Undergrad: 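To start, I am sharing the structure in question, which I have written as structure tokens.
Note that these values count all heavy atoms, side chains included, but never hydrogens, waters or copies made by symmetry. We name chains A, B, ... by the order of the sequence lines, and we start the count at 1 in each one. The model shown is predicted, which means the values in this text are computed figures rather than measured ones.
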Amino acid sequence: MQNGKREAGSGKRARRRGMALALTLFVVPAVRAQTVAITGGKVYPVSGPAIENGTVLVRDGKIVAVGANVAVPNGATRIDATGKWVTPGLINALTGLGVAEVNAVPSTVDRTARGDSGVAASFPVWEGINPASTLFAPARNEGVTSVGVIPTGGLIAGQAAVIDLVPGTLTDMINKAPIAMVAQFGDARDGGSTARGEQFARLKELLEDARAYSRRRAEFERAQTRPFAARRADLEALVPVVEGRLPLLLNVDQASDIEAVLRLARETNVKVIVAGGAESWEVADKLAAANVPVIVGAMINIPQSFSTLGSRQETPALLQRAGVKMVLIGTGSGEEGFNVRNLKYDAGVAVAYGLKWDDALRAITLTPAEVLGVANRVGSLQPGRDANIVVWSGDPFEFATRVEHVLIRGREVVQPSRQDELMQRYKTYPPAYRKP
Amino acid sequence: MGGGVAALAACAPAKSTAAAQPRPATAPAPARDTTRLPPGAGAVSAPNADPFPSTYVVPASRATLIRNVTVLTAAGPTIRGGSVLLRDGKIAAVGTSVTAPGDAEIIDGQGKYLTPGIIDDHSHMGVYAAPGGDALSDGNELTNPVTANVWAEHSVCPQDPQFPRALASGVTTAQILPGSGNLIGGRSVVLKLVPSASVQGMKFPGAKYGLKMACGENPKRVYANRGPSTRMGNVAGYRAAWIQAEAYRRRWDKWNADHQGDPPQRDPGLETLAEVLRGNILVHNHCYRADEMMQMIDIAKEFGYKIRSFHHGVEAYKIADRLAKEGISASLWSDWGGFKMEAMDGVRANLAMVSAAGARAIVHSDDPSGMQRLNQDAAKAMAAGEQIGIHTTEDQAIKWLTINPAWALGLDDRIGSIEVGKNADVVLWSADPFSVYARVDRVWLDGAAAYDRANPASWWRTDFELGNVPLPAGGK
């Protein structure tokens with residue numbers, strides 16, 4: 001499938017491959033040594049308290065030791081992090097990286113399935129990811145090492161994945177897929193339903209039919225069941241959801257809509273994640289009681305629609321205080337594309353609006369890993385985890401801070417982005433147009 | 001800058017606004033004041049430079065001394081341990097040893113930062129008011145590619161909840177522009193961010209109008225079916241409009257000089273364009289690509305007008321030396337880009353590179369959310385410049401947010417810096433404004449307390465918000 005697609009878009013893809021080749025010339029000599037020791041830094045494992053003058057030891061792409069008194073084996077490649085801050089790689093939970101290159105150019109956007117009457121449960125968004133996307137480098141160069149790739153549109157948008165931003169093939173990049181079924185509830189009118197109650201009933205019917213289907217597959221194949229509310233492939237895709245193995249991630253903002261989602265979760269016994277959550281702070285206690293995680297940003301405070309009248313920048317802090325599992329995403333202007341990197345600034349702004357610094361770091365590392373079901377591999381610095389590590393010149397949330405090293409699975413991955421090349425080309429006047 | 005504007009600096013904003021209007025450089029005075037014409041003799045047909053006059057009045061305020069602050073003046077080096085005295089709406093004194101009059105309120109800044117009020121020269125507040133939807137979508141008159149006849153102020157809803165949020169983020173002045181769907185989108189309006197039942201009550205007295213023009217993908221996409229559908233069609237459209245405008249300007253200038261016969265037939269669109277040709281309306285040109293900016297510069301030369309600022313200019317860094325040479329400012333984001341073809345080459349050091357080349361760099365928003373963090377956008381651009389060896393000091397970067405946009409609006413003699421005689425628009429920050437953790441603590445606008453973070457009961461709450469938007473302390 002993927003080969004066919006590549007051929008179909010041959011011109012553009014070939015050009016991208018050319019660019020990728022040019023970029024390889026820049027690659028900083030990869031720290032491919034078996035063992036890497038990052039020493040002397042202020043280490044934030046996130047899974048535990050910060051360690052002054054700590055060492056992170058990496059072997060074969062995995063973290064093997066983290067602490068103040070870690071012996072560095074002979075022959076290890078050393079990264080001196082004295083005076084630097086060391087954190088897990090950041091995780092941006094909601095992006096279109098790899099499936100949306102230039103939003104206004106439809107041929108480069110593979111985020112929205114046609115579906116069937118607003119239902120695209122069987123849509124595996126990751127199958128459209130283009131590993132040659134120019135948008136990965138800006139994100140990983142600024143410390144984002146994993147992202148959620150999320151489908152959009154419809155009542156049920158499709159299935160999301162987590163990818164690591166490691167250079168390579170899609171197979172190399174996939175961390176876990178699927179990680180969630182994505183749906184919308186509220187004033188999203190593109191699912192064919194205009195009334196909230198109808199959306200509720202349809203979601204419930206689809207989940208109930210998926211459950212019925214899962215029990216009666218054999219009869220279904222012999223056409224001995226009543227008609228179901230969705231196509232077979234979509235029902236099949238919903239089975240892990242009704243079996244509690246795959247969360248239903250709902251884009252929902254209005255407080256009353258969030259309460260409806262909590263009712264839906266109770267009535268269908270489905271695990272839900274609230275994303276968007278503009279008014280989630282108004283129902284924070286209920287979300288905490290239901291153990292429902294919320295994915296929010298810290299830069300939304302305008303009543304842009306009647307569903308988001310309660311938007312405020314204290315939302316992350318208020319959710320945290322109420323005991324809600326809270327994930328931060330980028331919500332500033334233009335956070336798509338090459339600004340997936342700006343996640344860290346939402347963390348900083350959340351702190352300015354009352355969130356504790358440690359909680360903010362957790363909300364862009366370990367908590368998204370937990371909520372997206374990949375915490376066994378990423379999101380914290382502890383033995384056994386993938387060596388996705390960032391060395392910063394200072395506080396990661398501050399604008400003046402530089403990224404010094406980014407390791408994904410133990411490999412240095414910083415390489416000039418397309419934007420870096422443009423800046424180098426034009427930083428003199430008249431422009432130098434230097435060959436890379 | 002024309003002498004007319006310099007003369008205006010002496011006018012107190014509170015005075016009759018009719019007297020504070022920019023005087024056309026070539027059009028004689030009689031056409032401006034219709035009350036002097038005999039009834040029926042051109043009262044309707046003669047151009048009126050100010051048919052919707054500002055009703056803004058500088059509020060009475062107590063003298064205020066803000067002491068013990070780090071002052072980023074936008075006019076010189078940072079003053080540490082500084083004091084600023086606000087009196088009668090103006091900045092009355094700045095320095096390290098300022099004595100307060102006996103009746104002054106004394107504010108201890110506790111070592112925090114004081115900056116001029118932030119100026120956003122690209123906003124659609126009011127013309128795309130929250131909560132949005134078709135009913136409040138009033139920013140793009142997409143019925144003709146040239147709508148020089150429309151004025152943004154006639155779309156501004158003063159009850160837009162975006163206004164108080166911008167103010168609470170340190171923005172004191174904003175240019176409201178029509179959208180970018182048209183080649184020539186219409187007149188802008190410069191507003192002070194103050195509560196008012198009408199847009200006239202927000203209008204910056206004596207501010208020049210701007211003209212919105214737009215290049216590239218937007219107009220050709222909107223008019224794909226009727227044209228222009230190409231970039232060459234866009235250029236043909238601008239030139240056709242200026243050719244008409246030039247003939248119109250000549251007809252009226254002649255009549256104004258000799259008053260022979262009936263005045264020419266008025267045309268509201270050409271009236272606006274003729275005022276651009278006379279230098280009385282400033283051109284704000286939405287343009288992403290370097291090559292298109294260069295073409296727009298040639299068009300401006302062909303017809304004898306100046307482009308005051310290129311807006312968005314994601315490729316401004318490619319021609320920064322030319323912008324410096326032409327005296328054109330660049331109103332930019334730090335890193336918004338990539339969302340369409342003409343925005344693909346956006347780089348985060350754009351502002352720093354443009355600034356380093358000697359052109360006026362401006363941080364703009366085009367977005368009510370980004371508008372609340374223009375200081376952060378500047379900080380991102382400073383850091384990106386640093387990464388490629390361009391060092392920008394805070395004293396330079398503060399200009400991107402204040403005096404440079406003031407210049408783009410033709411208001412740099414009144415706002416945009418902390419200097420004696422300037423309007424007393426100042427912002428007290430909780431920390432260095434280029435830190436992600438900085439919050440706006442207080443805002444003074446024309447010397448009056450406009451925002452105080454510690455006193456939620458005093459916050460500006462629009463009519464729309466009553467009963468709709470929850471209060472921080474609970475309830476609506």
Undergrad: Contact part of A:Glu279 toward chain B, heavy-atom cut-off under 4.5 Å: side chain, backbone, both or neither?
TA: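 Contact with chain B: none, neither part.
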Undergrad: Under a 4.5 Å cut-off applied to non-hydrogen side-chain atoms, are A:Arg418 and B:Asp345 in contact?
TA: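 Touching, per the 4.5 Å side-chain cut-off.
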Undergrad: Which bit of A:Phe338 comes within less than 4.5 Å of chain B, counting heavy atoms only: side chain, backbone, both or neither?
TA: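 Contact with chain B involves the side chain of A:Phe338 alone.
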Undergrad: Mind checking the CZ-CZ spacing from A:Arg341 to B:Arg348? Nearest 0.5 Å is all I need.
TA: 3.5 Å
Undergrad: Does any backbone or side-chain atom of B:Met382 lie under 4.5 Å from a heavy atom of chain A? Answer side chain, backbone, both or neither.
TA: neither
Undergrad: With a 4.5 angstrom heavy-atom cut-off, which part of A:Glu336 approaches chain B: side chain, backbone, both or neither?
TA: neither
Undergrad: Using a 6.0 Å distance limit plus a 45 degree cone around the ring axis, check whether B:Arg439 lies over the aromatic ring of A:Tyr353.
TA: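 Output yes; distance and angle both within limits.
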Undergrad: Under 4.5 Å, counting heavy-atom pairs only, tell me which of A:Thr331, A:Asp420, A:Val105, A:Val349 racks up the most with chain B.
TA: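 Highest number of pairs under 4.5 Å: A:Val349.
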Undergrad: Between B:Ser435 and A:Phe399, what is the shortest heavy-atom contact and its length?
TA: C-CE1, 4.0 Å
Undergrad: Please give me the minimum heavy-atom distance between A:Phe306 and B:Pro131, naming the atom from each residue.
TA: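 Between these two residues, the closest heavy atoms are CE1-CG, 3.5 Å.
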Undergrad: Taking B:Val436's backbone N and O only, do any of them form a donor-acceptor pair with A:Glu398's side chain (distance below 3.5 Å, no angle check)?
TA: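 It does hold such a pair.
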Undergrad: Might you point out which heavy atoms bring A:Gln419 and B:Gly346 nearest each other, and give the distance in Å?
TA: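 Heavy atoms only, the tightest pair is CG-O, 3.0 Å.
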Undergrad: Does B:Lys340, at its NZ atom, have more than 12 non-hydrogen atoms belonging to other residues, nucleotides or ligands within less than 6.0 Å?
TA: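 Atom NZ in B:Lys340 is packed in, count exceeds 12.
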Undergrad: Is the closest side-chain donor-acceptor distance between B:Tyr437 and A:Asp395 under 3.5 Å?
TA: yes
Undergrad: Out of B:Gln162, B:Gln372, B:Arg165, which one pairs with A:Asn301 under the side-chain hydrogen bond (donor to acceptor under 3.5 Å, both in side chains) rule?
TA: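 For A:Asn301, the side-chain hydrogen bond (donor to acceptor under 3.5 Å, both in side chains) test succeeds with only one of B:Gln162, B:Gln372, B:Arg165, which is B:Gln372.
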